[in-house]
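All residue numbers in this chain count up from 1 along the given sequence.
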Amino acid sequence: MNRFRRITVLAMALVLAFAATAAMADEKVIVFHAGSLSTPMEKVEKIFEEAHPGVDVQREAGGSAALARKIIDLGGTCDVFMSADYMVIEKLLRPAAADWNILFASNAIVLMYGPKSKYGEEIGAKNWTEVMLRPDVRWGHSEPDADPCGYRSLMVLQLAEKFYGDEALYERAMKHSGRGVRQKAIELVSMVESGAMDYAFEYKSVAVQHGLKYLDLPAEINLMEPSRADDYAAATVELAGKEPGKKMLVKGEPIVYGLSIPKDAPNADGAMKFVEFVLSPKGGLAVFQEMGQDIVGPKAMGAGDSIPAVLKALLKN
């Protein structure tokens with residue numbers, strides 16, 4: 001067999017193998033999820049597909065609010081929606097696009113930095129605001145209208161102003177020449193790794209998963225402590241609303257992730273099986289915990305009367 005024929009036969013074999021693989025995966029489950037869940041969801045996908053050979057989990061990661069608007073404004077469809085802020089589901093998807101909302105994990109906002117960050121050796125709990133706002137420092141957060149981590153970052157700065165008694169800290173931060181805003185919080189990771197950005201507000205789990213350094217912020221401002229919900233509510237950010245041109249005011253709350261199956265899910269049965277695995281103590285919840293996220297519940301937001309029985313059996317009171 002000459003060289004040309006060998007290449008042709010090999011190419012045909014690869015095409016046939018790809019076609020066979022595609023045929024085996026005769027069912028797909030489309031998952032929209034928060035960018036901060038990217039690393040654990042990669043493992044969740046792998047485990048689930050190994051247990052269900054005929055299923056192809058197709059994930060799209062992004063800012064939770066942006067993904068919700070893709071559904072309500074652009075006609076996008078998914079089988080499972082997983083948000084870094086359960087209130088995105090409450091305010092943007094319910095009741096028109098989703099019937100229920102299950103809370104399943106929590107997180108904290110930290111100040112992430114890397115090996116190339118300026119003043120990384122001297123930054124600490126007492127001086128981080130001063131270091132971050134030095135003229136030669138570049139720092140950032142994600143886009144508030146697209147990503148919960150973005151508006152939570154602004155809330156942390158508002159709470160820090162009060163906590164440290166530093167008048168006009170928030171205003172100075174918003175006007176700082178080194179401030180950068182990116183569409184997704186996950187984009188900040190590569191920038192900090194490369195040194196293109198010195199510091200970034202990020203979820204603790206993301207910093208842990210990527211092996212980056214981070215500064216734990218006080219419980220009074222990091223949005224993690226449920227008992228401080230009333231204090232967090234003092235911080236507010238105005239965001240784009242459910243309808244074009246409309247605004248909504250979001251108050252600070254403890255960070256809690258939520259999930260739902262949209263009403264128009266193309267594969268509702270497959271979605272149910274996937275969510276059942278995600279909420280299993282030995283399934284998705286174990287993966288999240290392993291990768292730096294605390295578990296909340298899982299529990300229903302509100303009465304939870306619309307939650308399917310198979311999922312309700314996995315909830316805690």
Side-chain angles (χ1 to χ4, degrees), residues 31 33-48 50 57 59-64 82-85 104-129 131-132 134 136-143 146-150 152-153 156-157 178-219 221-225 255-257 278 283-296:
V31 182
H33 66 77
S36 58
L37 291 175
S38 294
T39 300
M41 284 301 294
E42 183 178 349
K43 185 170 183 179
V44 167
E45 174 188 354
K46 181 180 179 181
I47 297 172
F48 184 80
E50 287 175 351
V57 176
R59 297 182 295 110
E60 180 173 343
S64 301
M82 303 174 71
S83 173
D85 183 353
F104 67 95
S106 68
N107 222 320
I109 298 293
V110 299
L111 188 64
M112 178 178 67
Y113 60 107
K116 299 181 181 179
S117 298
K118 292 187 182 74
Y119 313 114
E121 296 302 318
E122 64 177 272
I123 195 167
K126 294 182 179 180
N127 71 349
W128 67 271
T129 57
V131 170
M132 191 181 80
R134 288 176 182 172
D136 59 339
V137 169
R138 294 162 297 181
W139 65 278
H141 58 82
S142 55
E143 170 57 55
D147 185 23
C149 192
R152 284 168 171 160
S153 301
V156 164
L157 284 167
R179 172 181 170 234
V181 182
R182 295 295 178 270
Q183 189 72 5
K184 306 174 188 177
I186 198 68
E187 294 176 28
L188 302 171
V189 172
S190 59
M191 296 187 71
V192 170
E193 286 176 329
S194 68
M197 186 174 282
D198 298 303
Y199 300 94
F201 287 107
E202 184 55 275
Y203 293 117
K204 183 175 182 177
S205 64
V206 174
V208 170
Q209 291 157 15
H210 291 272
L212 286 166
K213 296 178 180 179
Y214 60 89
L215 182 67
D216 277 316
L217 302 176
I221 68 175
N222 70 4
L223 302 178
M224 184 178 184
E225 181 53 58
I255 298 170
V256 180
Y257 288 64
V278 166
L285 296 187
V287 175
F288 298 139
Q289 213 161 17
E290 172 192 328
M291 297 193 179
Q293 288 186 270
D294 292 328
I295 301 305
V296 172

Colleague: Tell me whether R152 is salt-bridged to D147, with the criterion being a basic N under 4.0 Å from an acidic carboxylate O.
Modeller: no
Colleague: Can you check whether G195's main-chain N or O pairs, donor with acceptor, with R138's side chain at less than 3.5 Å?
Modeller: yes
Colleague: Find out whether V44 and V278 are in side-chain contact, i.e. whether some heavy atom of one side chain is under 4.5 Å from a heavy atom of the other.
Modeller: yes
Colleague: Please check if atom CD in E121 has more than 12 non-hydrogen atoms from other residues, nucleotides or ligands closer than 6.0 Å.
Modeller: no
Colleague: Before giving the answer on side chain to side chain contact (heavy atoms under 4.5 Å, CB included), spell out for Q293 and L37 the whole-Å C-alpha distance, their side-chain angles and the decisive distance to 0.1 Å.
Modeller: CA-CA 10 Å; Q293 288 186 270; L37 291 175; 3.4 Å; yes
Colleague: Before giving the answer on side chain to side chain contact (heavy atoms under 4.5 Å, CB included), spell out for E187 and V189 the whole-Å C-alpha distance, their side-chain angles and the decisive distance to 0.1 Å.
Modeller: CA-CA 5 Å; E187 294 176 28; V189 172; over 6 Å; no
Colleague: Check whether Y113 reaches the backbone of A200 with its side chain - one donor and one acceptor, N or O, closer than 3.5 Å.
Modeller: no
Colleague: Do E143 and K184 sit within salt-bridge range, that is, some charged N less than 4.0 Å from a carboxylate O?
Modeller: no
Colleague: Does a side-chain heavy-atom distance below 4.5 Å link F104 with V256?
Modeller: no
Colleague: Which value, rounded to the nearest 0.5 Å, describes the distance between W128 atom CH2 and W139 atom CH2?
Modeller: 9.0 Å
Colleague: Tell me whether D198 contacts the main-chain N or O of K118 through its side chain, where contact means a donor paired with an acceptor under 3.5 Å.
Modeller: yes
Colleague: Does some side-chain heavy atom of Y214 sit less than 4.5 Å from a side-chain heavy atom of V208?
Modeller: yes
Colleague: With sequence neighbours left out, what residues match D216 under salt bridge (charged side-chain N to carboxylate O under 4.0 Å, His left out)?
Modeller: K204
Colleague: Is there a side-chain contact between R134 and Y119 (heavy atoms, below 4.5 Å)?
Modeller: yes
Colleague: Out of curiosity, M291 CE to S36 OG, how far, rounded to the nearest 0.5 Å?
Modeller: 13.0 Å
Colleague: Determine whether more than 12 heavy atoms belonging to other residues, nucleotides or ligands lie under 6.0 Å from atom CD of E42.
Modeller: no
Colleague: Got a second to check how far S142's OG is from Q183's CD, nearest 0.5 Å?
Modeller: 9.0 Å
Colleague: Enter the distance from M82:CE to H33:NE2 here, rounded to the nearest 0.5 Å.
Modeller: 7.5 Å
Colleague: Between K213 and E202 (salt bridge meaning N to carboxylate O under 4.0 Å), is one present in this structure?
Modeller: no
Colleague: State the CD-CD distance between E290 and Q209, to the nearest 0.5 angstrom.
Modeller: 9.5 Å
Colleague: Restricting to salt bridge (charged side-chain N to carboxylate O under 4.0 Å, His left out), what partner residues turn up for E193, sequence neighbours left out?
Modeller: none
Colleague: Nearest 0.5 Å please: distance from the NZ atom of K46 over to the CE atom of M41.
Modeller: 15.0 Å
Colleague: Are any of the side-chain heavy atoms of Y199 and L215 separated by less than 4.5 Å?
Modeller: no
Colleague: Would you say the side chains of S64 and Y257 form a donor-acceptor pair under 3.5 Å?
Modeller: no
Colleague: Identify, with sequence neighbours excluded, every residue that meets side-chain hydrogen bond (donor to acceptor under 3.5 Å, both in side chains) alongside R182.
Modeller: none
Colleague: Quick one: are I255 and Y203 in side-chain contact, heavy atoms under 4.5 Å?
Modeller: yes
Colleague: Taking all atoms of both residues into account, what is the closest heavy-atom pair of V137 and V131, and its distance?
Modeller: CG2-O, 3.4 Å
Colleague: Could you tell me whether the side chain of C149 reaches within less than 4.5 Å of the side chain of I109, counting heavy atoms only?
Modeller: yes
Colleague: Would you sort out whether V110 and N222 count as a side chain to side chain contact (heavy atoms under 4.5 Å, CB included), showing the intermediate values?
Modeller: CA-CA 7 Å; V110 299; N222 70 4; over 6 Å; no
Colleague: Taking all atoms of both residues into account, what is the closest heavy-atom pair of V156 and I221, and its distance?
Modeller: CG2-O, 3.2 Å
Colleague: Assess, by modelled atom type and distance only, whether the side chains of S205 and N107 contain a donor and an acceptor separated by less than 3.5 Å.
Modeller: yes
Colleague: How far apart are the closest heavy atoms of F201 and L188, and which atoms are they?
Modeller: O-CD1, 3.8 Å
Colleague: So do the side chains of L157 and H141 get within less than 4.5 Å of each other, counting heavy atoms only?
Modeller: no
